[in-house]
Amino acid sequence: MRRSESFSHLKPWKLSQAALFGCLLIMTVILVCLIKSGSNTIVTLNLQLSSYSNMALPMEEELKTGGQGGLPSTPPSFEEAQLSDESLQGGKEAAILPHALKEKQDEKEAHEDADAATSLTSTTMEDKELDEPATGGNQTVTLQLQHEDKHGGGDSNKDWTVIKLPPVPKEKQREEETTAERLIKESRVVCDFTAPRSDICSMDGDVRVLGRSSIIMLASPPSDRSPTENTTWKIRPYPRKWESTMELIKELTVTVAAEPEKAPRCMINHGVPAVFFSTGGFVGNYFHDFTDVIIPLFMMARRFNGEVQLVVTDFNYQFMAKYQQILRHLSHYPAINLDADDRVHCFPHAHVGLHSHRALGIDASKSPNGISMSDFRDFLRKCFSLKRKYSEGIDLQSRRKPRLLLILRRGSRSFVNERQVMRMVKGLGFKLITAGPEETKNISRFAQMVNSVDVLMGIHGAGLTNMVFLPSNATLVQIIPCCDLAKGCRYIFEEPAPDMGIRYVEYEIRVEESSLIEKYPRDDVLFRDPLSIQKQQGFNAFWNIFLNQQKVKLDVRRFRSILSGVLRSIKH
């Protein structure tokens with residue numbers, strides 16, 4: 001009775017203390033439960049953060065005992081993580097986690113969506129390279145995958161997986177890099193000695209040039225050649241193989257290394273193809289400069305758009321200086337003088353010799369990429385900034401006179417009556433421009449002059465080669481010396497004209513218009529059968545008489561009718 005009475009009479013402040021204690025106890029229990037139930041979420045969050053920083057963060061157990069700053073003293077290992085066929089669900093890949101994490105994951109999957117089960121983050125394989133392994137063979141490389149939910153949208157529907165794979169040994173990496181650098185699609189030598197004007201060898205692979213020795217070697221074993229086939233070729237890179245002048249052209253040796261590992265080491269590596277040619281032979285003669293070198297070189301080198309190395313034997317410094325404006329547009333690199341270079345140059349491709357089809361011409365059906373004389377003339381216009389592509393006709397009522405450029409030679413095949421010829425040209429209504437040897441020395445300036453006229457006229461000779469600079473629809477007038485020279489003269493200048501878009505007109509002089517009539521009797525065999533001179537005495541004797549000794553006394557009255565026809569074709 002006293003006990004219950006004393007309980008009922010407890011003081012109010014004591015009751016308040018008891019109530020407060022009870023509340024604190026209940027809150028403590030609730031807080032412990034919340035922390036326990038949220039531990040899986042902490043694990044997931046830590047894994048998400050670790051994938052962004054590429055550094056593993058502590059798991060639940062380590063948060064309780066971890067090192068400084070809340071970070072674990074030892075990061076968790078992912079070396080056991082791997083992909084399994086069973087983990088492919090709905091087109092997604094999931095990692096098989098270490099046992100300690102798998103238990104946490106199973107517990108979480110009982111209460112949360114499947115999307116939260118693999119909320120590990122990374123970048124795609126395509127966007128992120130493998131981390132470079134640290135020193136030591138036991139290090140691992142992180143392979144990171146990204147997978148998108150086909151039914152979802154946005155980043156929130158992406159699944160991420162982090163995997164640790166063994167590193168690629170550095171020795172293997174270096175071996176693969178070296179192999180990639182030396183990878184050659186094809187290694188071969190292809191030579192063609194069947195063309196009538198020139199011989200060609202093309203080389204693909206590890207091409208090494210042994211300077212002064214004139215050896216061009218394929219150091220990589222040919223991929224399409226049997227051991228019994230020929231491995232050495234001799235070639236003179238000048239396109240007049242039928243003439244004795246070829247004896248003066250340096251012979252180059254194209255060969256395949258018998259022991260590639262013993263081939264001379266590269267001293268200079270070039271990342272562009274090489275084109276080998278000679279500036280010997282008849283180089284120095286304006287016609288031969290274009291026919292034997294410039295046009296063939298254009299055919300061979302133009303397709304590379306300047307990314308080609310010119311390698312020259314029988315190096316002619318005057319030629320290289322005179323045509324530097326053309327050569328600079330064919331190659332972005334200074335030409336190599338093969339005969340004066342002791343270094344070993346290496347190339348991925350090489351072309352030894354030049355294609356050549358005919359005098360001042362290109363056969364587009366045989367040329368690389370179907371290149372034509374029209375392309376060559378466009379190229380020249382670009383090289384020399386020539387303004388006129390076409391020669392327009394002149395209206396009959398117009399006061400503008402058509403422009404005629406007369407090439408004046410000195411010595412052989414010159415006009416005896418030069419002034420009379422000039423008066424006749426002016427009298428017909430042409431604006432006459434004359435050019436002697438001095439005016440033609442500067443090719444850039446003279447190309448501009450030729451491009452400005454409507455008619456180019458002269459006695460057969462190298463000066464008519466300047467027809468290449470004429471605008472299309474212009475006219476070339478060739479005066480052919482006697483005797484029986486028409487066929488050769490037409491081959492050189494008439495046949496190329498149509499492909500250049502140029503009109504061709506000729507005038508063949510009579511015996512009476514030749515200075516030879518003053519040296520030889522009219523009934524001499526020289527006039528009766530000129531070709532017998534060549535048959536009996538050879539070409540040099542024939543050339544000396546009919547080309548070197550002959551001058552022209554033009555019958556201006558007879559010639560006037562020819563030139564009047566040219567004027568009518570221009571003015572309409």
Side-chain angles (χ1 to χ4, degrees), residues 282 284-291 294 322 359-360 377 380 384 386 388 391 401-428 430-471 474-482 485-486 488-497 500 502-509 513-515 546-556 559-560 562-563 566-567 570:
F282 293 119
N285 175 285
Y286 196 57
F287 166 78
H288 288 285
D289 289 352
F290 276 85
T291 294
I294 294 175
K322 181 175 183 177
L360 292 181
R377 281 163 45 79
L380 291 180
F384 298 104
L386 305 181
R388 296 177 74 212
S391 173
K401 294 182 178 181
R403 294 164 60 88
L404 184 148
L405 176 58
L406 178 61
I407 302 292
L408 298 176
R409 295 176 57 93
R410 297 289 178 258
S412 66
R413 283 166 285 154
S414 59
F415 289 109
V416 174
N417 57 339
E418 186 177 285
R419 291 183 178 275
Q420 192 178 7
V421 173
M422 292 168 62
R423 282 196 300 268
M424 181 267 299
V425 172
K426 290 180 180 179
L428 280 174
F430 287 97
K431 180 175 178 60
L432 177 64
I433 303 164
T434 60
E438 292 300 318
E439 287 79 11
T440 61
K441 285 183 178 179
N442 187 315
I443 185 172
S444 180
R445 189 183 307 133
F446 194 62
Q448 297 283 347
M449 182 185 294
V450 175
N451 186 249
S452 72
V453 304
D454 304 293
V455 180
L456 176 64
M457 186 176 96
I459 300 173
H460 173 82
L464 297 185
T465 305
N466 286 291
M467 66 189 289
V468 296
F469 301 119
L470 283 171
T475 303
L476 174 69
V477 180
Q478 176 176 214
I479 298 170
I480 302 175
C482 89
L485 298 182
C489 293
R490 288 167 184 161
Y491 169 76
I492 292 175
F493 293 116
E494 180 186 17
E495 291 186 16
M500 297 188 200
I502 293 172
R503 300 176 183 180
Y504 174 82
V505 176
E506 69 179 40
Y507 176 83
E508 186 176 6
I509 70 170
E513 295 175 83
S514 171
S515 62
F546 294 104
L547 293 169
N548 284 348
Q549 295 183 20
Q550 186 170 191
K551 295 184 180 182
V552 174
K553 185 177 181 180
L554 196 67
D555 184 342
V556 292
F559 180 74
R560 184 184 180 95
I562 299 295
L563 203 55
V566 173
L567 183 63
I570 297 172

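One-based numbering along the sequence shown.
- Between Leu404 and Leu563 the shortest side-chain heavy-atom distance falls below 4.5 Å.
- The two atoms that bring Pro481 and Ile479 nearest to each other are CD-O, 3.6 Å, heavy atoms only.
- Of the possible donor and acceptor atoms, none in the side chain of Arg403 sits under 3.5 Å from a partner among the backbone N and O of Ile433.
- Minimum heavy-atom separation, Arg413 to Leu547: NE-O, 3.1 Å.
- Closest approach of Ala474 and Val453 over heavy atoms only: CB-O, 4.5 Å.
- Side-chain atoms of Met457 and Phe430, non-hydrogen and from C-beta on, never get closer than 4.5 Å to each other.
- For Ala435 against Phe446, the heavy-atom pair with the smallest separation is CB-CE1, 3.4 Å.
- To the nearest 0.5 Å, the span separating CG on Asn466 from OH on Tyr286 amounts to 3.5 Å.
- With rounding to the nearest 0.5 angstrom, the CD1 atom of Ile459 is 11.0 Å from the CD1 atom of Ile407.
- Of the listed residues (Glu508, Glu506, Glu494, His460), just one forms a side chain to side chain donor-acceptor pair (under 3.5 Å) with Gln478, and that residue is His460.
- Between Pro402 and Val455, every side-chain heavy-atom pair lies at or beyond the 4.5 Å cut-off.
- Rounded to the nearest 0.5 angstrom, Leu432 CG and Met424 CE are separated by 10.0 Å.
- Here the side chains of Leu408 and Ser414 are not in contact, with every heavy-atom distance at 4.5 Å or above.
- The nearest pair of heavy atoms linking Leu554 to Asn417 is O-ND2, 2.8 Å.
- Heavy atoms only, all atoms of each residue included: Ile570 and Arg503 are closest at N-NH1, 4.4 Å.
- Ion pairing between a basic and an acidic side chain is recognised when a charged N comes within 4.0 Å of a carboxylate O; Glu418 and Arg409 show no such pairing.
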Problem - Pair Ser391-Leu470, side chain to side chain contact (heavy atoms under 4.5 Å, CB included): steps then yes or no - result: CA-CA 8 Å; Ser391 173; Leu470 283 171; over 6 Å; no
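- In this structure, the side chain of Gln550 does not engage the main chain of Ser514 through any donor-acceptor pair within 3.5 Å.
- Within the model, atoms OG1 of Thr434 and CE of Met422 stand 5.0 Å from one another, a figure rounded to the nearest 0.5 Å.
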Practice task
Output, in order, the C-alpha distance, side-chain angles, deciding distance and verdict of side chain to side chain contact (heavy atoms under 4.5 Å, CB included) for Phe415 and Gln420.
Solution key: CA-CA 9 Å; Phe415 289 109; Gln420 192 178 7; over 6 Å; no
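- With rounding to the nearest 0.5 Å, the separation of CZ in Phe469 from CE in Met449 is 12.5 Å.
- Note that the CD1 atom of Ile480 and the CZ atom of Phe493 stand 10.5 Å from one another [nearest 0.5 Å].
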Practice task
Evaluate side chain to side chain contact (heavy atoms under 4.5 Å, CB included) for Glu513 paired with Phe559, printing each intermediate quantity in order.
Solution key: CA-CA 11 Å; Glu513 295 175 83; Phe559 180 74; 6.0 Å; no
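- In Lys553, the NZ atom is not crowded: 12 or fewer heavy atoms of neighbouring residues, nucleotides or ligands sit closer than 6.0 Å.
- Within the 4.5 Å cutoff, the side chain of Leu360 has heavy atoms near those of the Phe287 side chain.
- Heavy atoms of other residues, nucleotides or ligands lying less than 6.0 angstrom from CZ of Arg410 number more than 12.
- Side-chain N or O atoms of Arg445 include none that pairs as donor or acceptor with a backbone N or O of Glu439 at under 3.5 Å.
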Exercise for the section: Go through Val556 and Val421 one step at a time and tell me if the side chain to side chain contact (heavy atoms under 4.5 Å, CB included) criterion holds. Expected result: CA-CA 6 Å; Val556 292; Val421 173; 4.1 Å; yes
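- The side-chain heavy atoms of Val450 and Phe384, taken from C-beta on, include no pair separated by under 4.5 Å.
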